[in-house]
Structures are given as structure tokens and as C-alpha cells.
Amino acid sequence: MPATRNRRTRAALADVVEAASNGRSQKRSKTDMNEHKEPENMDDPAGDEPGTPQLYYFEGVEYDTYQEFVDAKRERNQQKMFDLGLGENSSLKLSSALKIAKSAATQRGLQRKKEKNAEPTARRRSSRVSGDKANLVALDYYVPNWNTDNKSIVTVAEGEGGEEEKEETPAFFKGRVNHGEDLTLEQAIELNEPKWITDESLKLAQDFQKDIMSLEETNKTRKAASVSMTTVEKRIKDLSIDNEEWIAKVTPDRIYSVACHPSETKMIAGAGDKGGYVGLWDVDSRSESNNGVHLFRPHSRPVCCMDWVSKDSMVSASYDGTVRLLNVEKGTFQEIFATYNGDSEYLEELGYNLDEGYNYWTQFVAVDKRYQGSNPSIFMSTSAGTAMHIDLRVSDKQRISFNVDLSAKKINSLSLHPDGNILASGGLDNTVNLWDIRKFGSNSKKALKPIASYSVGRSVNSAFFSPDGTSLLTTTMMDKLEIFDNAHLKTSTIKPTKSIRHNNQTGRWLTTFMAVWHPKLDIFVSGSMNKPRCIESFDSKGNCLREITGDALGSVMSRCCYHPSTEKMAIVGGNSSGRVVVIR
DNA sequence: TCAATCGTTACACTT
DNA sequence: AAGTGTCCACGATTGA
């Protein structure tokens, strides 16, 4: 046993912290993924069973047997614990080690706050530090400022010669790209992480651009269509998924939104992910060298909304506060709206002074379907509970038609009834509310009252009117999908006419469910937690038309949508690792 | 009343 | 095969 057994020094703790941070902080950096082999990697014997003829390495030493390797590891860890003065009961003592390390991080955090006026929180990096993994003690100090580019990660480490600080700002956390400017396709590709770019990317994207332009203009009407239910049911029955070419990795990260190009001749599925990536997948142009996916990065934070407004323009909106319009003809992601803080340099911007900083982001954006045109108008809800309508129809008359405070908490969705007057909102305040937008006024300060309301009991993921407006569909954390008939005609409380039990507990790492209508028909679709994994399709009465399952459907499709065609039936689903499935 | 923390969920990636 | 990362979604609980 070492003589230092009872020593409890910060330097010793710092060694541990530093050792861990050296190994792990490099791993985090995504920009230099191809470099740096970490010595820590030798910790694990690659999952081999004891007894297999394999050499084991640990801290540069070679061991012949698994048992020797394990013993060496255990001994080293015990040594570390003794050095910390933490005795033999490692699991208990480890928690105190963490406390000490955490307090050091917090101190550093507070100092940083003074310097940079940032909000600090210290968090433990590894949530599975236990038992003999004491060597993994490491702390990150996050400076979260989600609306600017200030989120940096500071790994706190103290060496013997004094204090040392490592700072990384991964590309992911950089703020908005080309603030206030349009992005060309080339720029949007260059903003991808290098691993997603090939020499061909730009050329392929340009060919794709031409392909889209050569498509026939699609039927733009957004009105509900009348197709007999028997036809619809038959088409849904005929949907097929068992083709492995109909699933592809479209974005690098968790999908927050999916969209389907309106063309009836060319199937183009699209998805927006957590990192601001937008992937467009030309489903039938898969070749040996290329899977037909074109990846761009017009945003820096989750892409919460994507919607094609014509054959050659698509709106994308993001938590980063920007709304962009992909103009296929010009090949640009044009910034059509952005929120700004109160800095006077943004005084001229339409979104000036909307951004409240910390804890404020654009949660939901919907295209205003009353207007057709090159500049779509949008409804937008925010994490602060405000809802606004931004009229972008004519460039010199752009304005915010209204900006109202509808809730104390985040609003998850907005939906305008086809009559153009009633707006449905739902969010973390546990209610679904219907508002008369004629009463909003542009700058009204008086408290607004909804014309009708429904208390869910848990938060509301989404509330959408059907294409013809007769039904309101909600997805809630009460584990229900609920349908309200003629909700827009009610004047006090509304009650669901149909309530479907539906597990909506997607947890932390999966995007929440939102049941969405077909753009023109009275049917809707939702992902599901059921096993085997499936996508569920319902009619407007809430009858399940089909639980679509298949070999290609191996994970939870958090966000789904229908192809807008009334002739062809197709469903696009996106999961939480960037994979998109097309069912047709 | 608010802030901080943790549990939950499922998948992908690494070793 | 096992381990680990995921980092503001939501709800519950605790502490200030």
C-alpha cells in the first residue's frame, strides 16, 4: 500500500481530472476526428472474452492474459483512489471526489461569469462514473448561450505547475451562418462537417438543382381534396416499405423535421436535423457511388420546420432564429427572416429586439397557407410563449402583423384554421387554445383571452387543423392523440370527440411525436413507440387505418409526413439518427 | 418562485 | 458484445 494513502491533495485530484480530460476532450473535437489516437483507448480489451489468445494493453504495458490486465487496471485505480485519500470503498468515496472536482469547476465557472458575463453551470461529463472507473473523473463547464455563438466547453484541469484551462468551441456551436445574408449551395455545402463533403458534392447538388427545375410545376392548391375514403384506404393498404433502397441516412444527427417535395414524378424526401443540417434525398437516383442525398447546412441549430411552398422553393426554420428559403432556381438559401437582440446595429432589421437572449429560441414555424407567392408569410412561435405572424409578401412592406404573448411557457405549435381567423396553439402550459387573430392587433398590450380552451393536464406537442378545418388534432404528453370536431366554432371549452391512447413518451434523446395531417386529405400519420417499430396512419375519425411495419423500420420514426399528392400515396418518416424512410 | 438535478426514452458509434 | 455519448424534452423533486 502506498505511503500517500491518507493524503488528500488537490494536486492529486487534478492529475486525475487532467488525465481524463486530456484523453477525452480530444475525442470531443469533431474537426480533427482523423487524428489523435488516445492512449486511454487501450483501457478496453476490445470486448474479448477471457482466455482468447489476445494481448491486452493498459497504459502502455502489455499483458498476456485478461486476468493480468484486469488486475493491473484495478490496482491502478485503487492507487488513484488512495492518492486521492479516498480509501477503499470506491463507489461511495468517488462521489466525494466528484463533489470536490465539481466545486473546483464551479469556482472556475463563477470566475468566468465575471469575465464574460455568461451564465455558468458545471456538469459532470461522464454520467456513468462508478466503481473502478475513477480514472474517468472529468468535468466540463458549459457556458450556454444558445442564441449567440458563445457556447463553449471548458474542461477544467489543474496541473502541478498551476492552473490550466482548455477551451474548445466545436463547429457545431458556432452561431448563425452568414448572418443576415443568403447562402449559396456551395457555401451551404462547405459548412458541412468535412466528413460529409466529397469532391462530387457540389456538382451533384448542381445537377440536382437542374433536375428540380426541369420538373413540371406542381398543383399549388392547398385546399382539401375529395377522394373517396375507400380509395384512400386501398392506397394505404398498398403502401410498401420492404425495399432497402427506400431508407437512407439523410442527415448526420437527430431529425427534427421532415418534408416531402410536391412533385408526383420525382420522389424527393427531405429532413432537417439538430445540427442545422438540411438533407434532400432524391430517392430514385441512387447509384453505386452515391445514395442520392444532398446535404447542406444552412442553419446552426435544430431545423424545426421544413416545408416546400412550390416545386422550387422550400422554407426552413431553425432554433438559431433564422428562417430561410431555399430558392432552387438561384441555388441559394435566402434568409427571409431572423430574430435579433436589442443591439442597435440591428435596428433596421425586421426581427429587431425580438430575441430575449438566454432561453429564447424559435420553436415552431408554419407557412401561412392563405398566400401563394415567392415570399411566403409565416407564423412563428417561440420558447418564451409568444406567437407572431410575419408578412413577407412584398419586400418594401414586410412587417410583423402581430406579435403576441399567448403563454407563459413555450408554444410547440401553431395552426391557422382555413377560415383564416382562428389560430390554434399548444405548448408547455398544458392547454390547447383557440384564438381569433382579428382581435390581436399589432401592438396590443392588453392580456388576450382565448375564445376556447382545453386543458390537457400535460404539455401539448402539437395541435393542427385538418386541411378542410373540420377537425383539430392534438398530440399530448398525456399519451393521447385527440380529435376535436368543429373546434373553431366553439366559444368556451372544447372537448375531444375522439381520444386515442398513444404512447408519446419518447424520452430525452428522441424527437417528440407530432401527429400531422395529409396536406389535402383527412388522414393523419404519427410515429409510434410500439414494437415492432411502426408508423401509424389514421382517418379523420381516429380509426387506425394501418400500422405500417417492415424490416426497414427498425427505429422510432419521430417525425413523419405525407406526400402532398392526392393521386399517389407516400409517407416520409425520420428517426433520431438522421435516417429517413420512404413508404410508398 | 426559480434553479438545479435526475430519470426516462433509443439509437449510433467506438473499442 | 459491452460501454459510452447523446445535453434545454418533459416531469418530478429538492434546495435556495
Side-chain angles (χ1 to χ4, degrees), chain A residues 20 23-25 27-28 30 33 36-50 52 54 56-58 98-99 102 106 109 119-133 136 138 140-147 151 153 170 172-173 195 249 251-256 273-275 301-302 304 319 358-364 382-384 408-410 412 427-430 456-462 475-479 503-514 527-533 553-559 574-579:
Chain A
R24 310 216 131 227
S25 59
K27 199 173 172 184
R28 263 195 114 95
K30 293 187 176 172
M33 281 183 86
H36 303 302
K37 283 282 171 197
E38 308 165 22
E40 294 272 324
N41 292 354
M42 296 176 179
D43 262 23
D44 288 316
D48 284 276
E49 293 298 320
T52 50
Q54 152 117 31
Y56 302 95
Y57 295 90
F58 178 55
L98 284 168
K99 269 186 193 164
K102 182 176 166 181
T106 310
E119 295 293 327
T121 55
R123 298 182 68 161
R124 197 173 62 190
R125 166 178 277 161
S126 171
S127 57
R128 294 175 206 199
V129 180
S130 63
D132 66 357
K133 293 200 180 56
L136 290 184
D140 285 349
Y141 163 60
Y142 289 77
V143 183
N145 190 344
W146 296 87
N147 297 288
K151 176 159 183 178
I153 296 173
F172 177 90
F173 294 113
K195 64 191 274 196
K249 176 112 176 160
T251 63
D253 217 318
R254 205 166 114 185
I255 289 176
Y256 273 64
D273 83 350
K274 192 171 68 103
R301 303 223 35 233
C304 56
Y319 282 20
Y358 187 65
N359 262 356
Y360 179 99
W361 66 86
T362 303
Q363 174 65 28
F364 182 83
T382 71
S383 61
K409 297 193 172 163
K410 188 176 82 171
N412 277 327
L428 293 197
D429 64 359
N430 299 357
V456 172
R458 292 280 176 101
S459 67
V460 183
N461 289 359
S462 67
T475 308
T476 71
M477 293 304 279
M478 273 305 257
D479 280 348
N503 181 1
N504 293 330
Q505 306 300 319
T506 47
R508 184 171 188 178
W509 313 119
L510 306 184
T511 309
T512 53
F513 291 143
M514 282 184 175
S528 169
M529 296 295 279
N530 289 353
K531 287 181 183 176
R533 300 309 183 196
L553 247 178
S555 58
V556 175
M557 293 291 154
S558 289
R559 293 283 157 97
N575 79 0
S576 289
S577 64
R579 290 199 160 71

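Computed from a prediction, not measured in an experiment: that's the story for all the values here. Here is how names work: the chains are called A, B, and so on, in the same order as the sequence lines, proteins then strands, and each is numbered from 1. Both backbone and side-chain heavy atoms feed into the values below; hydrogens, waters and symmetry mates do not.
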Looking across every strand, which nucleic acid part, if any, lies under 4.0 Å from [X] by heavy atom: base, sugar-phosphate, or nothing?
X	value
A:S459	sugar-phosphate
A:K409	nothing
A:G578	nothing
A:F513	nothing
A:N412	sugar-phosphate

Minimum-distance nucleotide to [X] side chain [options: [options]]:
X	options	value
A:S555	B:dC11, B:dA12, C:dA9	B:dC11
A:M477	C:dC10, B:dA12, B:dT8	C:dC10
A:N575	B:dA12, C:dA12, B:dA10	B:dA12

* Would you confirm whether A:T511, through its side chain, and A:I255, through its main-chain N or O, come within 3.5 Å as a donor-acceptor pair? =>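 Confirmed, A:T511 side chain pairs with A:I255 backbone.
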
* Could you tell me the separation between the NZ atom of A:K410 and the CD atom of A:Q363, rounded to the nearest 0.5 Å? =>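 So the NZ of A:K410 and the CD of A:Q363 are separated by 4.0 Å.
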
* Asked: Does C:dC8 have OP1 or OP2 sitting under 4.0 Å from an N or O in the side chain of A:R254?
  ->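 For C:dC8, neither OP1 nor OP2 has a side-chain N or O of A:R254 closer than 4.0 Å.
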
* Is any side-chain N or O of A:K249 closer than 4.0 Å to OP1 or OP2 of B:dC13? ->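 Yes, such a contact exists.
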
* C1' spacing across the pair C:dC8 / B:dC13, given as an integer number of angstrom ->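 That atom pair is separated by 24 Å.
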
* Upstream residue (5' side of DNA chain C) when A:W509 and A:N461 are each assigned their closest nucleotide -> A:W509

